[in-house]
2 protein chains.
Amino acid sequence: MTRASSRRPGPPTRTERGIPEATVARLPVYLRALTGLSDSGIATASSEDLATAAGVNSAKLRKDLSYLGSYGTRGVGYDVEYLRYQIAREIGVTQDWAVVIVGIGNLGHALANYSGFGTRGFRIVALLDADPNLIGERIGDMEVRDFAELEDIVKADRVSIGVITTPAGPAQEVCDRLVAAGVTSILNFAPVVLSVPDGVDIRKVDLSIELQILAYHEQRKSGEAGLPEVPELPAMNGLTDLPSVGGGVGA
Amino acid sequence: MTRASSRRPGPPTRTERGIPEATVARLPVYLRALTGLSDSGIATASSEDLATAAGVNSAKLRKDLSYLGSYGTRGVGYDVEYLRYQIAREIGVTQDWAVVIVGIGNLGHALANYSGFGTRGFRIVALLDADPNLIGERIGDMEVRDFAELEDIVKADRVSIGVITTPAGPAQEVCDRLVAAGVTSILNFAPVVLSVPDGVDIRKVDLSIELQILAYHEQRKSGEAGLPEVPELPAMNGLTDLPSVGGGVGA
DNA sequence: CCGATTTTGTTCTCACGTTCACAAGCTCCT
DNA sequence: AGGAGCTTGTGAACGTGAGAACAAAATCGG
Ligand SMILES: NC(=O)c1ccc[n+]([C@@H]2O[C@H](COP(=O)([O-])OP(=O)(O)OC[C@H]3O[C@@H](n4cnc5c(N)ncnc54)[C@H](O)[C@@H]3O)[C@@H](O)[C@H]2O)c1
Ligand SMILES: NC(=O)c1ccc[n+]([C@@H]2O[C@H](COP(=O)([O-])OP(=O)(O)OC[C@H]3O[C@@H](n4cnc5c(N)ncnc54)[C@H](O)[C@@H]3O)[C@@H](O)[C@H]2O)c1
């Protein structure tokens, strides 16, 4: 998202090891599919098999894998364990990443209780909150700690990833603190656009947005041929008559 | 995702009302930005203002809005309330959509407790689970009901959107039940690739994948110039010697 | 009423992503 | 050993998305 892209204009320089962002987003899916095959005792899989398991088409899968190198065998397919290791290494989940979660409310609790992270390359090292009533509460084998301890924890555990599950209001402030403390990757659940300096990656998960995208398609399904072309707007008051109150945002 | 796209090859037929998927995904962001401006008492905003609030650049924002129609005023900007209504109408959130949540564990509880959906065009009409111990539990003003009641609820409340927060194992089965009951849009939190018939839209939210994408970039930051080009693979056993166990997946 | 100023809506170009199609390479069978 | 049969890896075609740039439209001051 916020990566400084220094790509030269020439033909796609492959040796430069720049994997397309769209491919990066699918590698974890392949990794999971491979784990599934591995658990089923399958040792070799063709691109077709893998593609089915990952829910993509096989051409895309082959092209994606080709960015990592030539790890398959023509006429045979891919060795599941070997490919799994290669993808894990490329993503960087062969060793664990330390993660802090900030904001231990509804969502923070759910995340803290979730066991799926540990098995996928992540280790939650601290649950932080600003609410004194929460501090000290035990969740699983962890304890909620004071957000003020952030800097120490980041330094002590070499934390590079932070998860924000506070309300929208304090999210930017929490984000700034995380960045100042040295966190360089942030996963944000609060429904706000966070701004971060260059070099810090941010991803957001927004359930309302997901639902609204579904709603858009849903609407088109049901109204397929029934709606009037322009569903009649309500009185368009306030466009030409109002004394333009704002004109600038926030500034 | 799974929409049957019947697009003809000619020049981009605008009257056909096909809004690019990338734009659809941003409309909810604009909607939220507009709501924020509105709450701040700002009545008019330029594309530059809006773009800043939404975290995109202004050219993209203008182009996105142009797919909906000409709702701005040159030299002035956009009327916040008016544009907000137009986007809400386009997305389809001017009236509420009924939603069921299936699997009231850690995550299901968090979602059930979340108040943000109601204010954004969605109404949770039922919390469903298969665990008898959970059925009857009250969460806010709702009660967990038996998953067996699904069909009745979908019919009674015209539910078109389902949220799956069960473990990965039963997710496909739950999905099939939802589809059979008439649900045509699904938001899936379980870490599996669900397969659905044409006409059903599916979106997934996968936290492990988000973290892994962050980890990939994180790895590239820290190892920027320090890693050996090929970090030395472990013994590549089992590629040429093993008696190809599988060769097919699941079939 | 007119020109300066502002800001939209749109066109054009380039970059990125997806899919097709096939040569290259591997295994197995005869 | 040689050919048949698969499956990978990739070049090339196609489609979609992003951003720059600008003409068209609106306001405002004089
Ligand atoms: N709960 C959901 O299902 C859900 C769904 C979608 C989005 N979200 C978003 O996720 C975020 C969290 O949701 P939630 O339901 O868990 O909220 P919550 O109110 O239950 O929890 C928020 C927590 O953050 C803590 N907090 C507040 N300010 C803080 C600060 N400055 N520093 C550290 N901690 C602070 C609070 O003490 C509280 O424990 C919200 O932004 C919400 O919009 C939640
Ligand atoms: N909790 C998290 O933070 C988190 C994070 C990432 C992903 N996930 C995924 O979200 C899903 C839910 O996670 P969770 O932590 O809430 O799990 P959980 O085990 O706490 O809850 C799952 C719930 O689903 C119910 N269930 C099981 N089978 C069912 C069926 N056939 N029909 C109806 N209900 C059924 C169970 O009774 C349980 O209440 C999982 O797939 C998990 O991998 C969770």
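Residue numbers begin at 1 in each chain, while the letters A, B, ... track the order of the sequences. All values below were derived from every heavy atom in this structure, side-chain atoms included, with hydrogens, water molecules and symmetry-related copies excluded.
- Each of Arg26(B) and Asp64(A) was assigned the nucleotide of DNA chain D with the nearest heavy atom; the assignment lying further toward the 5' end belongs to Asp64(A).
- Other residues, nucleotides and ligands contribute more than 12 heavy atoms inside 6.0 Å of the CD atom of Gln95(B).
- Across the protein-nucleic acid pair, Leu61(A) atom CG and dC20(C) atom P stand 14 Å apart, rounded to whole Å.
- One can place CD of Glu21(A) at 12 Å from C1' of dG17(C), the figure rounded to the nearest angstrom.
- The base of dG17(C) does not come close enough to the side chain of Lys60(A) for any donor and acceptor atom to sit less than 3.5 Å apart.
- Picking from dA18(D), dT7(C), dT18(C) the nucleotide with the shortest atom distance to the side chain of Ser46(B) gives dT7(C).
- Remark: Ser47(B) is not in phosphate contact with dT7(C), judged by side-chain N or O atoms under 4.0 Å from OP1 or OP2.
- Of the candidate nucleotides dT10(D), dC12(C), dG9(C), dG9(C) has the atom lying nearest to any side-chain atom of Tyr78(B).
- The distance from atom CD1 of Ile19(B) to atom C1' of dG17(D) is 15 Å, rounded to the nearest whole Å.
- Listed candidates were dG17(D), dA18(D), dG17(C). Nearest to the side chain of Lys63(B) is dA18(D).
- Picking from dT19(C), dA18(D), dT10(D) the nucleotide with the shortest atom distance to the side chain of Asn57(A) gives dT19(C).
- Nearest to the side chain of Ser70(B), among dT18(C), dG9(C), dT27(C), sits dG9(C).
- Note: CG (Leu83(A)) to C1' (dT7(D)) measures 14 Å, nearest angstrom.
- Of all non-hydrogen atoms in Pro167(B) and Pro170(B), the two that sit nearest each other are O-CD, 3.3 Å.
- Nucleotide dT10(D) holds its P atom 11 Å from the CG atom of Leu68(A), rounded to whole Å.
- Spacing between atom CG of Leu65(B) and atom C1' of dT7(C) amounts to 13 Å, rounded to whole angstrom units.
- One atom, CG of Asp79(A), and another, P of dC26(C), lie 16 Å apart when rounded to the nearest Å.
- Looking at heavy atoms from C-beta onward, Leu37(B) lies out of side-chain contact with Ser40(B) at the 4.5 angstrom threshold.
- Checked against a 6.0 Å centroid threshold, the rings of Tyr78(A) and Tyr71(A) do not count as neighbours.
- Of the two residues near DNA chain C, Gly75(A) and Ala59(B), the one whose nearest nucleotide lies more 5' is Ala59(B).
- The CD atom of Glu48(A) sits 8 Å away from the P atom of dT8(D) (whole-angstrom rounding).
- Considering only side-chain atoms of Val76(A), the nucleotide from dT27(C), dA18(D), dA26(D) that sits closest is dT27(C).
- A donor-acceptor contact under 3.5 Å links the side chain of Arg74(A) to the base of dT8(D).
- Between Asp64(B) and Thr23(B), the side chains place a donor N or O and an acceptor N or O closer than 3.5 Å (distance only, hydrogens not considered).
- Proximity of Arg62(A) to the phosphate of dA21(C): no side-chain N or O atom is located under 4.0 Å from OP1 or OP2.
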